[in-house]
Amino acid sequence: MDYNFSEIEPKWQKYWREHHTYRCSNDSDKPHFYVLDMFPYPSGAGLHVGHPLGYIASDIFARYKRLRGFNVLHPMGYDAYGLPAEQYAIQTGQHPAITTEKNIARYREQLDKIGFSFDWEREVRTCDPGYYKWTQWTFIQLFNHYYDTDLDKAMPISHLIEQLEKGEATTLGDKQWNEMSDAERQDYLMNFRLAYLADIPVNWCPELGTVLANDEVVNGLSVRGGYPVERKLMRQWSLRITAYAQRLVDGLNEVEWTDSLKEIQRNWIGRSEGAAVWFPLAKSEATRPEEILMGQIETREETSFEIFTTRPDTIFGVTFMVLCPEHEMIERITTPEQRQEVEAYVTWAKNRSERERQAEVKKVSGVFTGAYAINPLTSERIPIWVSDYVLAGYGTGAIMAVPAHDSRDFAFARHFDLPIRQVVALEPDQLTDPSTWTESLDAKTGYSVNSRFLTGMKVKDAINAAIDKIEEMGIGRRTVNYRLRDAIFSRQRYWGEPFPIYYKNNRPYTLPEECLPLLLPEVRDFKPTASGEPPLGHAEVWAWDEANRRVVETSKIDNETVFPLELSTMPGFAGSSGYYLRYMDPHNDNEYFSHKAVDYWQNVDLYVGGAEHGTGHLIYARFWNKFLYDIGISVKQEPFQKLVNQGMIQGRSNFVYRSKEDNNLFVSKNIAGREERTVPIHVDINLVSNDILDIERFRQWRPEFADARFELEDGKYVCGWEIEKMSKSMYNVQNPDDLVARYGADTLRLYEMFLGPVEQAKPWDTNGIEGVHRFLKKFCKLFDLRTSAAADKAQLKILHQTIKKITDDIERFSFNTSVSTFMICTNDLSGQKAVSNEVLDKLVVLLAPFAPHIAEELYHLLEHEGSVCDAEWPSYDPAMLVQDTFTYPVSFNGKMRLTLELPNGISQEEAIKAVKADSLAQKWLDGKEPKRVIFVPNKIINIVV
RNA sequence: GCGGAUAUGGCGUAAUUGGUAGCCGCGCUAGACUUAGGAUCUAGUGGCGAAAGCCGUAACGGUUCGAGUCCGUUUAUCCGCACCA
């Protein structure tokens, strides 16, 4: 049979579509399995070969699971809200909805050509009102819940109010709950809501005109566009993800993710154990240390301040304190003499951009406040400094500085000539003069020295002993700090989910749930307003009529019955944080998803996508899911049980070498002296095959090359190559459509898998695709040898080995080795005169997950009805895998001596006989009789003499 | 600086998880068929050597009868975090 893919593939794609082959039901007796891909953002550039890599892998797995009798949920959708569509809208005036729609159509067309088994009836789009209704709904729930630290879960805010009213909980501020006005109560509750509005320092990107989350900023630049980001205090919505920090850390032990990704998340959450310690202020110059009595230090804000340290064992080495420039206490404690200097420093530090600060990390700066603190353990007076190496957002924004054992404190002390006192040494009593040190001793190893009751202890024990003492004295407590910060949830942009929030007396109120979705309004202009309001400020119909429960004209706002709606929109991660749950029940208009659906599917069994989402989507989604779990919507704590990170596909650029003297002359790569007299220029990889340039097409490529002349080698023009990022400007983007047209979807699928392990980053290189294509042709040719006669033993052996290998490979997610296995099998069978139908039959099913179109065609050639997708995965017969002989490395008394080849299933007597027959064995046995031979196939055997 | 990973022919990779290193594919070499070959088929292809054989999994060392695989040190590359107290 000839392999006519251009005919076969559209035929079966049509068949699948018409027969709803991949429709998946929530009602099934079969075991369930949920295979999910990270849904794409439909960009204008379309798919390149990197995108389908993960989709192909998950599709193979989904098809395999179906063949093994599972009811498989394998959906696809689009993360359709986002910045690029909006940037494009600002530039061209085209509505983002239109460009998004167009891009989705293009993505769908490309995806369909590859033969995926998605259930498209479950498609979701984050910009679809039927979908974002539930994003808004979740936001309202977040707003109406707080994190109860005793129950360790989210609870309705009404529960907190109840406790406050009953007096079971007390407020932190001056006023008690029943003394508060209604407005004060609302403000107070805002400190607890899981979605809250607050003035917080944000990453403000002037160029994009919006704030960004921490994971959207790298090195002080925006991830999208690379624009500078400033720190700015703004009134913003945030999600209290920090409340879940510990559960987000703990949950990592429950999931099957790579260690590296778990580690990335642990680092991002940044849990560190230590102690919070109160340091009293020295009231005046006159305060004598002896007046501060141990155990009587007040932990009150006016007279002391709190620091966080992971090294309480070094408290006897504290020689100064440092506050961050934002610290509220600075103004109060600064002495008149120092005031001017301190104010100048604080102003300077606050105006520094995030990028400047990060770029000049090594530069030491700071200023003395003139004030002193008292070390609560030594009663010693220690100076208080201000420096921007202490960060406002971490811990309490104040530290105790131990220059001998912290490199940053060390640098600071050296710069300002502050004392350095050693309190840890690698060996007990091994003291040196710190003034001779070139660096501090930071590691948590060695022993405490110079530290009274801690002296002589190992550092780890000293830390615990110090905390015990601190707690006993009532000057601090054991505590845990997290690097994770709350997620800023407002974006001053148009193309995102509107907040279901309106403002009455400047305070936010949620829309009634029944009024959702709150539709994104039309605007004249996608840019921010002249007064700096977000684009929704342009909307003419964007006000909330409270009594009539509907959106009305902005002009009607009277702040009595009609109120302004929130103008910012939600960030990209809002829509992607819960989409996997919506796939379970995507058309449900009354609920996010039914309880029955989630009870059946539970959570995602296998999630495939890039590791670049490690600190973004994958954290937010876990948080979102845990919240939904707390409120009884989701049934599993962790959304993604197993996660496979597909590696990034890099580009492989090709170069031609243009002569420096003659712009029309191009020199082939390996011609002597080429390097000196040419410059490499990028050439479109589609004009190159196996690094050989198609000269005619190159001349047609661009007018300037029309008269190109070439210095060839062996009659060919050989191009150079380099691995670079896949990008249009380097002409190294490989479009999957082109490959499908040229080799077929099955070849593309197999080749993407053949390239190497799915998890590994690798450059795209089309050089080997012919081999895979050739394999499919050979596989088809096997069908010319088919016979209805029963298979002989040789064929059955090939078959059963293949079944075992392919099954194991798929279970291990090792698809590159599967492709090799198919090739070996085909090569072996090609040597046969005739191949039995029963063998071919099973091979077709094995191939179906990898190359579904050709498998479908061959399945029908073997006169089956229906679709190969409904066939049964073959099982193998272990008896067919057994080898006839095994090689045994033999040892005597643990010493390796010789190798024997023995038949399979040999008895003790025969083995002993075989050993005795071997001439080398005879020599070593030296006349002694071997008693017993212990043997395991391919393992060492011991002859017991 | 901290953390995680990786290192095997000209190239992509494989190795039953401690048991004959280099399967499969690309590329290359030779041959067959052909008017033709960027088609197909056959054979060969880690290095050195005429051969027997010797050497060989980034480097060095260790454990073991036996190490690509386990342990230690070093080097290189990639990724993540980075003034996080």
Side-chain angles (χ1 to χ4, degrees), chain A residues 218-219 258-268 270-272 274 307-312 314 322 324 357-358 360-364 387-391 393-402 405-409 411-412 439 442-443 481-485 611-612 614-615 645 647-648 689-692 694 716 721 750-751 754-757 759-763 765-775 777-778 781 801 804-805 808 814 816-827 830 881 887-899 936-940 942:
Chain A
V218 172
N219 292 331
T258 61
D259 290 341
S260 76
L261 191 64
K262 286 185 187 180
E263 211 46 44
I264 286 171
Q265 291 217 339
R266 285 195 193 102
N267 277 336
W268 186 259
R271 182 185 201 277
S272 46
I307 58 100
F308 173 73
T309 178
T310 55
R311 295 295 302 275
T314 61
V322 188
C324 66
R357 200 183 61 74
Q358 290 190 7
E360 295 167 12
V361 155
K362 291 262 147 28
K363 236 179 181 171
V364 177
S387 173
D388 68 351
Y389 84 88
V390 175
L391 303 177
Y394 186 79
T396 57
I399 61 156
M400 61 177 214
V402 185
H405 306 292
D406 181 288
S407 53
R408 296 149 304 180
D409 299 343
F412 195 84
E439 57 178 15
D442 290 14
N481 241 300
Y482 300 93
R483 202 183 71 93
L484 185 74
R485 302 196 199 156
E612 67 272 17
T615 55
N645 295 119
M648 192 94 75
S689 177
N690 287 344
D691 292 334
I692 309 294
D694 184 328
K716 295 171 192 162
W721 60 271
L750 282 169
Y751 186 59
F754 186 64
L755 224 41
E759 300 87 342
Q760 202 171 300
K762 52 204 166 257
D765 179 354
T766 317
N767 284 347
I769 198 168
E770 300 278 353
V772 172
H773 190 61
R774 215 169 280 151
F775 151 70
K777 285 199 240 176
K778 274 192 212 167
K781 281 214 178 117
Q801 272 168 14
K804 179 174 186 342
K805 190 77 190 351
D808 291 351
S814 171
N816 56 330
T817 54
S818 311
V819 181
S820 294
T821 305
F822 280 124
M823 289 176 174
I824 294 165
C825 169
T826 307
N827 289 346
S830 296
L881 303 177
T887 307
Y888 295 96
V890 183
S891 84
F892 293 87
N893 302 328
K895 294 223 167 160
M896 179 71 170
R897 298 303 178 202
L898 61 116
T899 311
V936 183
N938 277 336
K939 297 280 177 203
I940 188 159
N942 274 295

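Lettering of chains follows the sequences in order, A, B, ..., and the numbering in each one begins at 1. In this text the structure is predicted, and so the values were computed from the model without any measurement.
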[N] phosphate, OP1 or OP2, under 4.0 Å from [X] side-chain N/O:
{"X": "A:R483", "N": "B:rA82", "result": "yes"}
{"X": "A:R774", "N": "B:rG25", "result": "no"}
{"X": "A:S272", "N": "B:rA85", "result": "yes"}
{"X": "A:N767", "N": "B:rG25", "result": "no"}

Could you check how far [atom1] of [X] sits from [atom2] of [N], rounded to whole Å?
{"X": "A:K781", "N": "B:rA39", "atom1": "NZ", "atom2": "P", "answer": "13 Å"}
{"X": "A:I264", "N": "B:rG4", "atom1": "CD1", "atom2": "P", "answer": "12 Å"}
{"X": "A:K777", "N": "B:rU40", "atom1": "NZ", "atom2": "C1'", "answer": "9 Å"}
{"X": "A:E770", "N": "B:rC41", "atom1": "CD", "atom2": "P", "answer": "12 Å"}
{"X": "A:Y389", "N": "B:rA85", "atom1": "OH", "atom2": "C1'", "answer": "8 Å"}
{"X": "A:R485", "N": "B:rA82", "atom1": "CZ", "atom2": "P", "answer": "9 Å"}
{"X": "A:I824", "N": "B:rC23", "atom1": "CD1", "atom2": "P", "answer": "10 Å"}
{"X": "A:N827", "N": "B:rC23", "atom1": "CG", "atom2": "C1'", "answer": "11 Å"}

Checking contacts here: which listed nucleotide ([options]) is nearest the side-chain heavy atoms of [X]?
{"X": "A:M823", "options": "B:rG80, B:rA85, B:rC24", "result": "B:rC24"}
{"X": "A:E263", "options": "B:rG4, B:rG25, B:rA85", "result": "B:rG4"}
{"X": "A:D694", "options": "B:rC83, B:rA85, B:rG38", "result": "B:rG38"}

Least distance between heavy atoms, A:F775 atom then A:L750 atom: CE2-CD1, 3.8 Å
When every non-hydrogen atom of A:L391 is compared with those of A:C324, the smallest separation belongs to C-CB, 4.0 Å
Taking the same atom, [atom1], in [N] and in [M], what whole-Å distance lies between them?
{"N": "B:rU73", "M": "B:rC2", "atom1": "P", "value": "14 Å"}
{"N": "B:rC79", "M": "B:rC28", "atom1": "C1'", "value": "35 Å"}
{"N": "B:rA5", "M": "B:rC71", "atom1": "P", "value": "11 Å"}
{"N": "B:rA21", "M": "B:rU17", "atom1": "C1'", "value": "15 Å"}
{"N": "B:rG68", "M": "B:rG19", "atom1": "C1'", "value": "13 Å"}
{"N": "B:rA58", "M": "B:rA50", "atom1": "C1'", "value": "33 Å"}
{"N": "B:rC24", "M": "B:rA14", "atom1": "P", "value": "14 Å"}
{"N": "B:rC55", "M": "B:rU6", "atom1": "C1'", "value": "26 Å"}

Report which part of the nucleic acid [X] touches: base, sugar-phosphate, or nothing (heavy-atom distance under 4.0 Å, all strands).
{"X": "A:S407", "answer": "nothing"}
{"X": "A:I399", "answer": "base"}
{"X": "A:V390", "answer": "base"}
{"X": "A:D259", "answer": "nothing"}
{"X": "A:N481", "answer": "nothing"}
{"X": "A:R271", "answer": "nothing"}
{"X": "A:R266", "answer": "nothing"}

For RNA chain B, stems built from three or more consecutive Watson-Crick or G-U wobble pairs below 3.5 Å: B:1-7 with B:75-81, B:10-12 with B:24-26, B:27-32 with B:40-45, B:46-48 with B:53-55, B:58-62 with B:70-74
Got a sec, which residues hit salt bridge (charged side-chain N to carboxylate O under 4.0 Å, His left out) with A:K762, two or more places apart in sequence or on another chain? none
Set of residues satisfying salt bridge (charged side-chain N to carboxylate O under 4.0 Å, His left out) with respect to A:D694, sequence neighbours excluded: none
Listed partners of A:R266 passing side chain to side chain contact (heavy atoms under 4.5 Å, CB included), at least two apart: A:L252, A:N253, A:K262, A:E263
Given side chains that start at C-beta, do those of [X] and [Y] come closer than 4.5 Å, heavy atoms only?
{"X": "A:M823", "Y": "A:V772", "value": "yes"}
{"X": "A:K781", "Y": "A:K777", "value": "no"}
{"X": "A:K778", "Y": "A:N827", "value": "yes"}
{"X": "A:E770", "Y": "A:R774", "value": "yes"}
{"X": "A:I399", "Y": "A:D409", "value": "yes"}

Would you kindly compare A:L261 and A:Y394 by the position of their nearest RNA chain B nucleotide and give the one closer to the 5′ end? A:L261
How would you label the glycosidic angle of B:rU6: syn (within 90° of 0) or anti? anti
When you check the glycosidic angle of B:rG61, does it come out syn, meaning within 90° of 0, or anti? anti
Side chain to side chain donor-acceptor pair (under 3.5 Å) with A:T310: which residues, sequence neighbours excluded? none
Which class fits the ring pair A:F308 and A:Y394: parallel under 30°, tilted 30 to 60°, perpendicular over 60°? perpendicular
So if I define the base as every atom that isn't primed, P, OP1 or OP2, how would nucleotides 7-15 of chain B read as a B/S/- string at a heavy-atom cutoff under 4.0 Å? -----BSSS
